[in-house]
There are 2 protein chains.
Amino acid sequence: MEDVLRSLGYLCLGSRLKRIGEQLQADTQRMLEGLEVRVQSSQYPLLAALDRLGPLPVGELAQSLGVTQPGVTRSVSLLADIGLVEVIQANDDQRRRVVSLTSGGQQLVDAAKRDAWPRIERAVADLCSGLSGPLLEQLAAIEDGLAAAPLARRVEKAAAR
Amino acid sequence: MEDVLRSLGYLCLGSRLKRIGEQLQADTQRMLEGLEVRVQSSQYPLLAALDRLGPLPVGELAQSLGVTQPGVTRSVSLLADIGLVEVIQANDDQRRRVVSLTSGGQQLVDAAKRDAWPRIERAVADLCSGLSGPLLEQLAAIEDGLAAAPLARRVEKAAAR
DNA sequence: CCATGTTATATAACATGTTACAGTTTTAGG
DNA sequence: CCTAAAACTGTAACATGTTATATAACATGG
């Protein structure tokens, strides 16, 4: 069965990037399943941003993640519900609501940094290592690589070296 | 403001690919606004698949697009509602429902093939042309390129050559 | 000092992806 | 043949992105 997105090349590059991204996230999700707390893999960038940059108001958090503010508002609500982040009104400007990691959130990030992120990074690096040439060819190689061996299988492989 | 996804490199490659894909689709959407019929840019791959491969049952359509079957079922319902595709039960196998372009759908595809797709393809090619090297660097170049000049602006540029 | 514009956030409505599961047909094995 | 498994599709529930808009707080110019 012909892969239409691949055949269409540059015309559907956006759809194709989204598709690859979703597959990577799904694979990553599977690798995170060992971790105690139940967070979707797509939430980790937000947690990582707070870990890297410290407490941030909603708008700046959105900017640092490159998504729109309503998306961040919702993610923050969800993460606050499960106690990983907290939101406090800024003193100087009552409009701004500053988001920060709770101690539980920080613990999760620390655990992920120690146990999960290095393995994910190695697996993805393994997938993308040795790629060169035009973008479309690299994307095809990534798709083929994921089909041949999902990320989870690449951890051992990378660790074995 | 630091771009966290970019800083995290391979770790958040999935999120980053999705983000770039969404931006490309949004840019593409803007370029399609001249076209008479109101279809989201993300629906064009489905129409293009039917145009390339002819009528297909839902499952094969999903496979050729690399998405799951429920996603295709919904898209097909929407496109059928606005009269661009039609669904007929297969004679030989009552389970299969074969999707095909209506004459209106074919007209839209033909118009897009003539007026829009070549321009989109040129704009994206312009964006990605001259890229080489590691994937992460190419992605950064794409993001920078889109920020500097959205796709719509690249049509004239590419046409001027 | 107040009317008005700007900024920061939340909310609503939608788009479109996913997984899990239900309901038909079809197929195949004894 | 008939039953049980497999295949195909639809539906439900959710995740998470978007745009558009409302609301509250701040800033500013007369």
Side-chain angles (χ1 to χ4, degrees), chain A residues 1 5 12 14-30 32-33 38-46 56-63 65-82 87-99, chain B residues 1 5 12 14-30 32-33 38-46 56-63 65-82 87-99:
Chain A
M1 175 64 50
L5 287 197
C12 292
S15 297
R16 187 147 170 227
L17 290 175
K18 277 182 66 178
R19 187 178 72 176
I20 299 173
E22 273 153 14
Q23 196 178 349
L24 271 175
Q25 283 188 338
D27 265 39
T28 304
Q29 185 72 44
R30 249 161 259 133
L32 286 169
E33 253 152 30
R38 198 152 275 269
V39 184
Q40 294 285 329
S41 60
S42 31
Q43 303 292 347
Y44 279 98
L46 195 157
L56 284 178
V58 172
E60 290 181 32
L61 189 49
Q63 204 182 329
L65 293 168
V67 296
T68 57
Q69 165 263 313
V72 169
T73 293
R74 180 166 31 182
S75 289
V76 165
S77 300
L78 295 177
L79 292 171
D81 285 346
I82 57 179
V87 181
I88 59 175
Q89 205 101 19
N91 294 336
D92 53 329
D93 186 338
Q94 297 286 304
R95 292 171 303 181
R96 311 184 90 185
R97 303 187 55 220
V98 177
V99 184
Chain B
M1 175 63 51
L5 287 197
C12 292
S15 297
R16 188 147 170 227
L17 290 175
K18 277 183 64 178
R19 187 177 74 176
I20 299 174
E22 274 153 13
Q23 196 179 349
L24 271 175
Q25 283 189 337
D27 265 41
T28 303
Q29 185 71 47
R30 249 161 258 134
L32 287 169
E33 254 152 29
R38 198 151 273 271
V39 184
Q40 294 285 329
S41 59
S42 32
Q43 303 292 348
Y44 279 98
L46 196 157
L56 283 178
V58 172
E60 290 181 32
L61 189 49
Q63 203 183 331
L65 292 167
V67 297
T68 57
Q69 166 262 311
V72 169
T73 293
R74 179 167 32 183
S75 289
V76 165
S77 301
L78 295 176
L79 292 171
D81 285 346
I82 57 178
V87 181
I88 59 175
Q89 206 100 19
N91 295 335
D92 53 330
D93 186 337
Q94 296 287 304
R95 292 170 303 181
R96 313 183 92 188
R97 302 186 57 220
V98 177
V99 185

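Bear in mind that the values here come from a model prediction, so they are computed numbers and not experimental data. Letters go in sequence order (proteins before strands), and every chain restarts at 1.
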**OP:** I would like to know whether B/Val58 and B/Val87 meet side-chain contact (heavy atoms from CB on, under 4.5 Å); could you show each step before the answer?
**Re:** CA-CA 9 Å; B/Val58 172; B/Val87 181; 5.7 Å; no

Original post:
What's the verdict on side-chain contact (heavy atoms from CB on, under 4.5 Å) for A/Val76 and A/Val99, showing C-alpha distance, side-chain angles and the deciding distance?
Top reply: CA-CA 8 Å; A/Val76 165; A/Val99 184; 4.1 Å; yes

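Considering only heavy atoms from C-beta on, B/Leu32 comes within 4.5 Å of B/Tyr44 through its side chain. Looking at A/Val72 and A/Leu61, their side chains come closer than 4.5 Å, going by heavy atoms from C-beta outward.
Using a 4.0 Å heavy-atom criterion, one finds that A/Thr68 contacts the bases of the nucleic acid, with or without backbone contacts as well. When heavy atoms are screened at a 4.0 angstrom cut-off, A/Gln89 is found touching no nucleic acid atom at all.
No side-chain donor-acceptor contact under 3.5 Å links B/Gln69 to the backbone of B/Gly59.
Comparing A/Gln94 and B/Val87 by the nucleotide of DNA chain D whose heavy atom lies nearest to each, the residue mapping closer to the 5' end is B/Val87. Taking the nucleotide of DNA chain D with the nearest heavy atom to each of A/Asn91 and A/Val72, the more 5' of the two is matched to A/Val72.
Considering CG of A/Leu79 and CD of A/Gln40, their distance stands at 10.5 Å, rounded to 0.5 Å. A distance of 11.0 Å separates CZ in B/Arg16 from CG in A/Leu17, rounded to the nearest 0.5 Å. A/Ser77 OG to A/Ile82 CD1: the interatomic distance, rounded to the nearest 0.5 Å, is 11.5 Å.
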Write out a two-atom table: protein N or O, nucleotide N or O from nucleotides 2-8 of chain D, distance below 3.5 Å.
| residue | atom | partner | partner atom | Å |
| --- | --- | --- | --- | --- |
| D/dA7 | N3 | B/Arg95 | NH1 | 3.1 |

Polar atom pairs between nucleotides 11-14 of chain D and protein, under 3.5 Å, N or O only, would you list them?
none

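Looking at residues 18-27 of chain A, you'll see that no heavy atom sits under 4.0 Å from any atom of DNA chain D.
Remark: C1' of C/dA8 and CD of A/Gln63 are 13 Å apart, rounded to the nearest angstrom. Atom pair B/Leu32:CG and C/dA15:P shows a separation of 16 Å (rounding to whole Å applied). Atom CG of B/Asp92 and atom P of C/dT27 are 9 Å apart (whole Å). Here D/dG17 presents its C1' atom at 14 Å from CD of B/Gln29, a figure rounded to the nearest Å. Here C/dG17 presents its C1' atom at 12 Å from CD of A/Gln40, a figure rounded to the nearest Å.
By the side chain to side chain donor-acceptor pair (under 3.5 Å) test, A/Arg74 pairs with no residue at all, sequence neighbours left out. Applying the side chain to side chain contact (heavy atoms under 4.5 Å, CB included) rule to A/Ala90 yields the partners A/Asp92, A/Arg96, A/Val98; only residues at least two apart in sequence or on another chain are considered.
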Only distances under 3.5 Å count here; give the side-chain donor-acceptor pairs of residues 19-26 of chain B to other protein atoms, sequence neighbours excluded, each with its distance to 0.1 Å.
| residue | atom | partner | partner atom | Å |
| --- | --- | --- | --- | --- |
| B/Arg19 | NH1 | A/Leu65 | O | 2.9 |
| B/Arg19 | NH1 | B/Asp3 | OD1 | 3.3 |
| B/Arg19 | NH2 | B/Asp3 | OD1 | 3.4 |
| B/Arg19 | NH2 | B/Asp3 | OD2 | 3.0 |
| B/Arg19 | NH2 | B/Glu143 | OE2 | 2.9 |
| B/Gln25 | OE1 | A/Lys18 | NZ | 3.4 |
| B/Gln25 | NE2 | A/Ser15 | OG | 2.9 |

